[in-house]
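Note sheet for the following structure.
The sequence lines fix the lettering, A, B, ..., with proteins before strands; numbering per chain opens at 1.
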Amino acid sequence: MGCYLRAMQVPGVLSEHERMRREARRQLEAMGIDPYPPGDFEVTHHSADIISALTQDEHAFSGVRVSVAGRIMARRIMGGASFCTLQDAKGRIQIYLKRDDLSHDGDSSLYEVVWKKLLDLGDIIGVQGYVFRTRTGEISIHALSIRLLCKALRPLPVVKEKEGHVYDAVTDPEFRYRQRYVDLIINADSRRVFIQRAQIIQSIRSFLLQRGYLEVETPVLQPVYGGALARPFVTHHNALDMKLYLRIADELYLKRLIVGGLDGVFEFAKDFRNEGIDRYHNPEFTMLELYVAYKDYFWMMDLVEEMLEQVVRELHGTTCITVGGRQIDFRRPWPRISLLEAIAQHTGLQVATMSDAQLRQVAKERGVAVDPSAGRGKIIDELFSMFCEPHLIHPTFIVDYPVEMSPLARRHRHHPELVERFEVICNGKELCNAFSELNDPLDQRKRFEEQLELGRRGDPEAMQLDEDYLRALEYGMPPTAGVGIGIDRLVMLLTNAPSIQDVILFPHLRPERH
RNA sequence: GUCUCCGUAGCUCAGCUGGUAGAGCAGCUGACUCUUAAUCAGCGGGUCACAGGUUCGAAUCCUGUCGGGGACACCA
């Protein structure tokens, strides 16, 4: 690590490899070859398409000239003939090059000098030729011409592979995250994860669009942050000379749109929370929020179930996937169990009938760290996450939460101390959070005021009172169901990625130099 | 933020209880016109993360700093 940093810090200090490649570049230029030509090389085919087409029909390419472009990943030079592994966006294909085929009028310099001496692993070339099978049966392209499309000045880590076994794979997480561009070149699994991430998001988007919901964009820079309990990033607008916050959620804006009569809105929102970083948390992350008018949380449970089942099926072709060695089945219906029942099941405690003091006492006895300022809801939540969550592997709805934990949720229609809220727990982790939205402006004001009181008592995550949001509610918001799904967490689950850094292209890291 | 482990050539890693660095791949030179972790012969490449300290002598021991992983705490 240290050494490539050094090379980056001090441009004059180049490794032997880098000096070689710069010299090769110079020589190419001296030969009249542009090491960075314009993008006018016509690509007619991609590696994987050629291979699948020929596999289906052995004569698919008879009489066909193909042009492919990609990065040189391996070279095997045997005097007057060479093999090269070329990697493009869809995969890899072998190229066969012969001196005789690349020479014209007795000039073999393209093969002897350019190919053998001046091109390197990592360079990007275009190849024109015809498709054939080698004696051992590997589908290859017999090159009739090659062209340098981009000279690489840094050596690529060399990863070799035989019969599925990968040798010298680059596993250093710091290298992979800082230089994701290299990770993507050399780690097929990393490419796979990000392609699947895109598929998952696309799958959700089509599901929602198909139901007629409107995809919208709401402010990232907010004068009042809200919609979640979290610490925000603070920034400053110079021209307006005012404090702005990077959003921690887009909930309050989406619900304003419900007031506005849009009835069904969603947004894939980048949210920002000023908190610790670990394998489940990145300071900026993606959250899907969806709000639908004239619906409640029961309806939303059905929708979430259906949507996620379909997403998993579209991605994997089955509802049953393996995560960290465990089987998880997303097939509907998922169990629905109330928060208090779940606690009773896993701890034997009937917390509903306990006084605050009793609750505090049993929590202490069970080893739950209880902050003296923590309210009843917080203790219950803590009990749940300690004793229940880890046991919930298959997707499970946990429903009906204490009111003080959910200042934006509608009170339960039968139990005023609860709200109509559910979370989906899967693989021991929260996957989404949803509720029947609170649309009573007076109750909402009271809940905000309770949050303000928490804030005064020092809770840095307490909500701010959003006057404009209250004004919107006073105009009337229809009964509405809303849900938030942590997309990064969902992608981790569905791609079997152990760290959030593996599903975010450029995860946050400390600067390389201070 | 706390605890813990880690940082040696472009990459993957050796380097035992201190005697100032080694392998494979990659690179360079040469041979080889169906190879596929190509092969064969030869060669080069390192402020051992950084800064102090202990010592005759430090990649190795100690302290600190930087960066990373993991766990805990807060959260999604």
Side-chain angles (χ1 to χ4, degrees), chain A residues 1-7 10 13-21 23-24 73-85 92 94-102 111 117 120-122 132-138 140 142 152 154-163 165-178 182 186 228-231 248-249 271-288 369 371 378 381-382 385 423 429-433 459-461 484-490 492 498-501 509-514:
Chain A
M1 238 27 242
C3 280
Y4 91 80
L5 291 182
R6 211 170 302 126
V10 189
V13 180
L14 297 175
S15 69
E16 186 190 13
H17 293 96
E18 291 171 304
R19 284 195 302 271
M20 286 290 188
R21 284 168 182 250
E23 174 58 20
M73 299 305 287
R75 291 203 299 173
R76 295 173 290 281
I77 298 174
M78 298 151 299
S82 305
F83 288 94
C84 156
T85 305
R92 294 181 171 195
Q94 179 170 265
I95 311 293
Y96 178 55
L97 305 96
K98 262 195 333 187
R99 181 199 294 139
D100 302 345
D101 297 317
L102 297 177
Y111 181 85
K117 300 292 171 197
D120 290 291
L121 296 189
F132 77 112
R133 272 186 198 270
T134 62
R135 276 177 204 157
T136 52
E138 177 156 351
S140 309
H142 189 127
R154 279 177 189 264
L156 213 51
V158 177
V159 180
K160 295 207 174 187
E161 202 181 324
K162 189 190 188 182
E163 286 154 10
H165 191 287
V166 178
Y167 297 79
D168 297 342
V170 176
T171 51
D172 175 12
E174 183 175 5
F175 187 105
R176 294 186 45 228
Y177 304 148
R178 282 202 200 281
V182 178
I186 62 181
L229 303 168
R231 303 171 74 155
I248 57 173
D271 292 341
F272 306 83
R273 298 189 187 174
N274 208 338
E275 283 152 2
I277 300 173
D278 60 32
R279 53 189 284 238
Y280 297 102
H281 301 267
N282 194 60
E284 56 180 289
F285 62 101
T286 304
M287 174 101 93
L288 166 74
D371 192 280
K378 197 133 186 165
D381 193 61
E382 196 59 39
S385 51
E423 290 189 358
K429 291 276 161 197
E430 179 191 337
L431 202 56
C432 61
N433 183 19
D459 185 346
E461 291 168 1
I485 301 181
I487 294 297
D488 312 278
R489 298 266 179 93
L490 177 67
M492 283 172 70
S499 166
I500 200 166
Q501 298 174 110
L509 294 178
R510 288 190 161 87
E512 289 177 58
R513 283 291 151 126
H514 42 283

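Closest approach to the Arg178(A) side chain among C11(B), G67(B), G69(B) is made by G67(B) (side chain taken as heavy atoms from C-beta onward). Picking from A37(B), G67(B), U35(B) the nucleotide with the shortest atom distance to the side chain of Met78(A) gives U35(B).
Using a 4.0 Å heavy-atom cutoff across all strands shown, Gly486(A) reaches no nucleic acid atom at all. Using a 4.0 Å heavy-atom cutoff across all strands shown, Glu138(A) reaches at least one base atom of the nucleic acid. Contact annotation for Arg279(A): backbone-only contact, meaning every heavy-atom pair under 4.0 Å involves sugar-phosphate atoms and none involves a base. Residue-level contact check: Asn282(A) touches the bases, meaning some heavy atom is under 4.0 Å from a base atom. Within 4.0 Å (heavy atoms only), Arg510(A) reaches sugar-phosphate atoms of the nucleic acid but no base atom. Among the heavy atoms of the strands, none lies under 4.0 Å from Leu431(A). Nucleic acid contact for Phe272(A): none, since no nucleic acid atom lies under 4.0 Å from a heavy atom of the residue. Met20(A) comes within contact range of the sugar-phosphate backbone alone, with a heavy-atom separation under 4.0 Å but no base atom that close. Ala169(A) comes within 4.0 angstrom of the backbone, heavy atoms only, and of no base. In this structure, Asn433(A) reaches neither bases nor backbone, as no heavy-atom distance under 4.0 Å exists between it and the strands shown. Glu284(A) comes within 4.0 angstrom of nothing in the nucleic acid, heavy atoms only.
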Exercise. How does protein contact run along nucleotides 39-45 of chain B, one letter per nucleotide 5' to 3', with B for base contact, S for sugar-phosphate only, - for none, heavy atoms under 4.0 Å?
Worked result: -----BS
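Taking only distance into account, the side chain of Gln94(A) meets the base of U35(B) through a donor-acceptor pair shorter than 3.5 Å. Between the side chain of Asp168(A) and the base of G24(B), a donor-acceptor pair under 3.5 Å is found.
Side chain of Arg231(A) to backbone of Asn274(A): no donor-acceptor contact under 3.5 angstrom is found. Here the side chain of Arg273(A) pairs a donor or acceptor atom with the backbone of Ile248(A) at under 3.5 angstrom.
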Problem set entry | Steps toward side-chain contact (heavy atoms from CB on, under 4.5 Å) verdict (Arg154(A), Glu18(A)) | CA-CA 6 Å; Arg154(A) 279 177 189 264; Glu18(A) 291 171 304; 3.7 Å; yes
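Minimum heavy-atom separation, Cys84(A) to Leu97(A): CB-CD1, 3.9 Å. For the pair Val166(A) and Val159(A), the tightest heavy-atom approach, listed with the atom from each and the gap, is CG1-CG1, 3.3 Å.
Listed by chain and residue number, Ile72(A), Ile77(A), Trp115(A), Leu119(A), Leu121(A) satisfy the side chain to side chain contact (heavy atoms under 4.5 Å, CB included) test with Arg75(A) (two or more places apart in sequence, or in another chain). Checked against side chain to side chain contact (heavy atoms under 4.5 Å, CB included), Asp101(A) has the following partners two or more places apart in sequence or in another chain: Lys98(A), His142(A).
Protein atom CD1 of Ile277(A) is 18 Å distant from nucleotide atom P of A73(B), rounded to whole Å.
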